[in-house]
Protein chains: 2
Amino acid sequence: MSWTRTAPALNALEPETRAMLDRLAPVEVPEAAVLFSPGQAVKGYVIVLEGHVGVHLIGPGGRDILLYEVAPGQSCIQSTLGLIGGADYSAEATATVPTRLVLVPRTLFLDLLDRSPGFRKIVFAAFAERMQAMMQLIETMSFMRVEARLAALILDRADAAGTLEMTQAEIARAIGTAREVVSRRLDRLARAGAIRAERGRIRIRDRAALEALVANPAV
Amino acid sequence: MSWTRTAPALNALEPETRAMLDRLAPVEVPEAAVLFSPGQAVKGYVIVLEGHVGVHLIGPGGRDILLYEVAPGQSCIQSTLGLIGGADYSAEATATVPTRLVLVPRTLFLDLLDRSPGFRKIVFAAFAERMQAMMQLIETMSFMRVEARLAALILDRADAAGTLEMTQAEIARAIGTAREVVSRRLDRLARAGAIRAERGRIRIRDRAALEALVANPAV
DNA sequence: CCCACCCATGATCAAGACCAATGAAGGCAC
DNA sequence: GTGCCTTCATTGGTCTTGATCATGGGTGGG
């Protein structure tokens, strides 16, 4: 009941709209569950309440790159895309941890979109934000070499203490390269004193050095 | 007067909405004019009436890649993005030929978005379509090698007779590589009998061969 | 006829993909 | 504790792709 209360973004909604959404039952999905895969039709608008979802493009040969991630309170742009434009999913979404989410059926979604300014605002703000991130991704992939991408990721995802808990394989997927390359790059960064690499963890030692790398991404 | 008549997509609009739009005066921009550049604030929603606009991401070092193109009747998603999300432009748009366009001011745009279901529908359909194309672009860049990208472009842009009038430099920008590479690849395709390369023009000779390349993009 | 633009080609070089083998740390069962 | 297994990481080596520099030839318009 009233799961909308747990999603801060939804607080600005009109009461009737919230009521309609609250009638939907959240769904629990286990870790590593595949929420959707390429080719499937979009069934509804997805709002993640708890947990974490990663959306990947899968290439032939099994390589995949992380398009974006969905945190609690956020929605999945692929779904929006499909509902508005009618396209099928072209990526794969998997829950990286046990996740709770709500699926707003297509008809309700379109109805709300038409009638609720607040809902519209939320949906489109999220849409725009994601889109922005995707353009960023294109830019990154086009113009930054792996080392710079790696530095950017470390700076971006490290916690306040300058620590990043990610396995090399995860990093590789996030920046779209092979694991070995990440290993080598990390090694170089470590030699240069920019970071300290541990098992499943990276500590920033020289933030400025990483920032310099990001600032000069010349391929 | 009544330029909305010339944009088929706008025919489905409510009469009042069309009337409001028709009050705006189209603008003429000369060939090679820069419509906007990275960092600029978004002034309004752009609808191209006539001509052709290319939107590029510019990297350090001058390299740039074609994000998408705007044909008559279409709008520029970067503008939509900025108006809804508040972000500045992150790409550069240039008119490739003399172009006529309409700029819907921000306030009117947001107002129409709120009040006109028809306008909303058009804007978001266009948004979704572009977004789809961008995902396609990411996929292409990630998983297709240059040869496959080249083949795809040839198939996609050739006219009914199987002829493509593009200079190698243009092709290079469109698929995000260097001109020399295009030259070499074209040469190989020509040797293989898939195409015939002439000055500023390419003729498809073996469509199936190109399609096979696109189908098997393994990096 | 000359000057832009377009194209071909060669040489070099770095990045990164891919394959393979090994080491090292942690978790678990017993 | 000991042994075993899984996950994570390191290292080496090979191979392709494609970026870049350089140079020369061709073509067409003014």
Side-chain angles (χ1 to χ4, degrees), chain A residues 31-32 57-65 96 140-154 163-192 195-203 213 216-219, chain B residues 31-32 58-65 96 140-154 164-192 195-203 213 216-219:
Chain A
E31 183 174 345
L57 271 184
I58 314 280
R63 271 184 53 209
D64 63 316
I65 74 167
T96 55
T140 300
M141 293 200 323
S142 311
F143 299 126
M144 288 172 86
R145 41 169 204 242
V146 169
E147 191 162 33
R149 275 186 264 167
L150 179 55
L153 177 120
I154 294 174
T163 305
L164 172 65
E165 307 244 352
M166 269 179 98
T167 182
Q168 294 186 348
E170 286 170 345
I171 296 175
R173 299 180 71 190
I175 64 177
T177 184
R179 210 198 44 66
E180 299 95 309
V181 177
V182 171
S183 179
R184 275 184 249 275
R185 292 297 169 202
L186 284 178
D187 186 45
R188 281 179 56 157
L189 288 179
R191 275 176 212 276
I195 61 166
R196 259 197 65 181
E198 301 170 18
R199 182 191 177 82
R201 180 178 311 143
I202 292 168
R203 292 183 203 278
L213 267 180
N216 181 12
V219 177
Chain B
E31 183 174 346
I58 314 281
R63 272 185 51 210
D64 62 317
I65 74 167
T96 55
T140 301
M141 292 201 324
S142 311
F143 299 126
M144 288 172 84
R145 44 168 202 250
V146 169
E147 191 161 33
R149 274 186 263 168
L150 180 55
L153 177 121
I154 294 174
L164 172 65
E165 306 243 355
M166 268 180 100
T167 182
Q168 294 185 350
E170 286 170 347
I171 295 175
R173 299 180 71 190
I175 65 178
T177 184
R179 206 203 45 72
E180 297 95 314
V181 177
V182 171
S183 177
R184 276 183 250 275
R185 291 299 169 201
L186 284 178
D187 185 45
R188 283 181 54 158
L189 289 179
R191 276 176 212 276
I195 61 166
R196 256 195 67 180
E198 303 170 17
R199 181 191 180 82
R201 180 179 311 143
I202 292 168
R203 292 182 203 278
L213 266 180
N216 180 13
V219 178

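Chain letters run A, B, ... following the sequence lines, proteins first and then strands; every chain starts at 1. As a basis for the values below, the full set of heavy atoms in this structure was taken, side chains included, without hydrogen atoms, waters or symmetry mates.
- Under a 3.5 Å cut-off, the side chain of A:Arg185 and the backbone N or O of A:Glu147 do not form any donor-acceptor pair.
- Contacts between residues 164-173 of chain B and DNA chain C, defined by a heavy-atom separation under 4.0 Å, are made by B:Thr167, B:Gln168.
- Computed from coordinates, the B:Asp187 CG to C:dT9 C1' distance equals 9 Å when rounded to whole Å.
- Computed from coordinates, the B:Ile202 CD1 to C:dC6 C1' distance equals 13 Å when rounded to whole Å.
- Here the P atom of nucleotide C:dA8 and the CZ atom of B:Arg188 are 15 Å apart, to the nearest Å.
- Atom CZ in A:Arg145 sits roughly 18 Å away from atom C1' in D:dT17 (whole-Å rounding).
- Two end axes, each from the C1' atoms of five base pairs, can be drawn for the helix from C:dC1-D:dG30 to C:dC30-D:dG1; they diverge by 30°, to 10 degrees.
- Nucleotide D:dA19 holds its C1' atom 16 Å from the CE atom of B:Met141, rounded to whole Å.
- Nearest to the side chain of B:Arg199, among D:dG18, C:dC5, C:dA24, sits C:dC5.
- Proximity of a side-chain donor or acceptor of B:Arg149 to a complementary backbone N or O of B:Met144 within less than 3.5 Å is detected.
- With rounding to whole Å, A:Leu213 atom CG is found 12 Å from C:dA15 atom P.
- Remark: A:Arg188 CZ is loosely packed, at most 12 non-hydrogen atoms of other residues, nucleotides or ligands lying under 6.0 Å away.
- For the atom pair CD1 of B:Ile65 and CD1 of B:Ile58, the computed distance is 10.0 Å after rounding to the nearest 0.5 Å.
- Atom P of nucleotide C:dA15 and atom CE of A:Met144 are separated by 15 Å, given to the nearest angstrom.
- Between the CD1 atom of A:Ile195 and the CG atom of A:Leu189 there is a distance of 5.0 Å, given to the nearest 0.5 Å.
- Contact of the A:Val182 side chain with the A:Arg173 side chain is not registered, since no non-hydrogen atoms from C-beta on lie closer than 4.5 Å.
- Note that CZ of B:Arg184 is 9.0 Å distant from CZ of B:Arg179, once rounded to the nearest 0.5 Å.
- Between B:Ile154 and B:Leu186 there is a side-chain heavy-atom pair separated by less than 4.5 Å.
- The interatomic distance linking A:Arg201 (CZ) with D:dT7 (C1') rounds to 15 Å, in whole Å.
- The side-chain heavy atoms of A:Ile171 and A:Ile202, taken from C-beta on, include a pair separated by under 4.5 Å.
- With contacts defined as side-chain heavy-atom distances shorter than 4.5 Å, the pair B:Val181/B:Leu150 does not qualify.
- Here OG1 of A:Thr163 is found 10.5 Å from CZ of A:Arg196. Values are rounded to the nearest 0.5 Å.
- A heavy-atom distance below 4.0 Å to DNA chain D is reached by these residues of residues 176-186 of chain A, ordered by number: A:Arg179, A:Glu180, A:Ser183, A:Arg184.
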